[in-house]
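Down below is the structure, laid out as structure tokens.
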Amino acid sequence: MENEILITYAKKAMGNAYAPYSRFSVGAALLTREGEVFTGCNVENASFGAAICAERCAVLKAVSEGYTSFEKIAVVSDSGEYTFPCGICRQFLSEFMKDGSVVLEDKDGGIREYPLAELLPHTFVLLKD
Ligand code: THU
């Protein structure tokens with residue numbers, strides 16, 4: 001799927017952001033290896049720490065529907081700037097998107113794509129003997 005189309009899905013999802021506290025709306029669109037798209041938005045809460053980022057919202061929707069391998073995720077916000085996934089979301093994505101990429105767009109329509117491995121080198125892995 002074209003990055004432009006995935007961005008369009010992310011922008012639509014951003015319209016559902018529930019962000020009365022930060023007033024920072026984020027939308028995400030996750031493309032699975034099977035070609036399905038799952039979208040997400042940030043969902044905040046009066047108990048601030050309970051907020052869920054748009055990226056993890058999309059991942060939870062996909063995994064709960066049985067999709068666990070992702071090709072890319074598009075992320076947009078209403079800031080007009082490139083909006084990089086936060087550290088928690090990078091780690092969360094890395095579980096299901098080993099060779100995947102993150103697609104971003106700014107207010108001028110400039111699209112950039114980054115390998116997730118570049119945004120999160122040395123991902124935490126749970127190793128024990
Ligand atoms: N947020 C996301 O949705 N994704 C990120 O990667 C970073 C931050 C949301 C969380 C919160 O609702 C708002 O942006 C401000 O931090």
Side-chain angles (χ1 to χ4, degrees):
M1 176 178 292
E2 297 293 328
N3 287 341
E4 288 78 3
I5 295 174
L6 204 58
I7 288 282
T8 302
Y9 279 107
K11 283 180 178 167
K12 183 156 187 275
M14 181 174 72
N16 293 326
Y18 178 75
Y21 305 106
S22 72
R23 300 192 184 286
F24 188 86
S25 296
V26 186
L30 190 60
L31 178 65
T32 73
R33 293 274 169 207
E34 296 83 358
E36 299 287 328
V37 175
F38 289 89
T39 61
C41 62
N42 53 332
V43 182
E44 300 184 347
N45 192 271
S47 177
F48 294 173
I52 305 288
C53 292
E55 298 90 323
R56 278 177 291 145
C57 174
V59 171
L60 293 174
K61 285 171 66 179
V63 173
S64 64
E65 295 295 328
Y67 295 87
T68 55
S69 187
F70 311 137
E71 194 176 318
K72 39 178 107 165
I73 186 168
V75 184
V76 297
S77 77
D78 60 0
S79 71
E81 304 296 325
Y82 291 110
T83 301
F84 289 85
C86 77
I88 295 174
C89 287
R90 294 180 198 197
Q91 177 67 34
F92 205 80
L93 285 164
S94 72
E95 186 91 14
F96 309 103
M97 214 170 78
K98 300 274 177 293
D99 302 313
S101 61
V102 175
V103 179
L104 309 175
E105 189 189 59
D106 70 359
K107 61 179 177 310
D108 302 319
I111 292 180
R112 292 185 183 172
E113 183 168 357
Y114 298 86
L116 181 62
E118 188 180 306
L119 300 183
L120 185 68
H122 308 294
T123 303
F124 172 75
V125 284
L126 190 58
L127 290 177
K128 49 183 185 173
D129 339 291

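Every number for a ligand or one of its atoms is a count from 1 in the order of the listing.
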With sequence neighbours excluded, what pairs up with Phe124 under the side-chain contact (heavy atoms from CB on, under 4.5 Å) test?
Gln91, Leu126

Write down, by chain and number, every protein residue that brings a non-hydrogen atom to less than 4.0 Å from an atom of ligand 1.
Ser22, Phe24, Val26, Asn42, Glu44, Cys53, Ala54, Glu55, Phe84, Pro85, Cys86

Would you list the pairs meeting ring-ring contact (aromatic ring centres under 6.0 Å, His included) in which at least one residue belongs to residues 18-65, sequence neighbours left out?
Tyr21-Phe48, Phe38-Tyr67

I'd like to know if Lys11 and Glu105 make a salt bridge, using a cut-off of under 4.0 Å between side-chain N and carboxylate O.
yes

Between the side chain of Ser47 and the main-chain N/O of Gly49, is any donor-acceptor distance below 3.5 Å?
no

Flag yes if Val102 and Leu60 sit in one hydrophobic cluster, no otherwise; membership is Ile, Leu, Val, Met, Phe, Trp, Tyr, and two members link when side-chain heavy atoms are under 4.5 Å apart.
yes

Please collect all ring-ring contact (aromatic ring centres under 6.0 Å, His included) contacts where either partner lies in residues 86-114, sequence neighbours excluded, each pair once.
Phe70-Phe96, Phe84-Tyr114

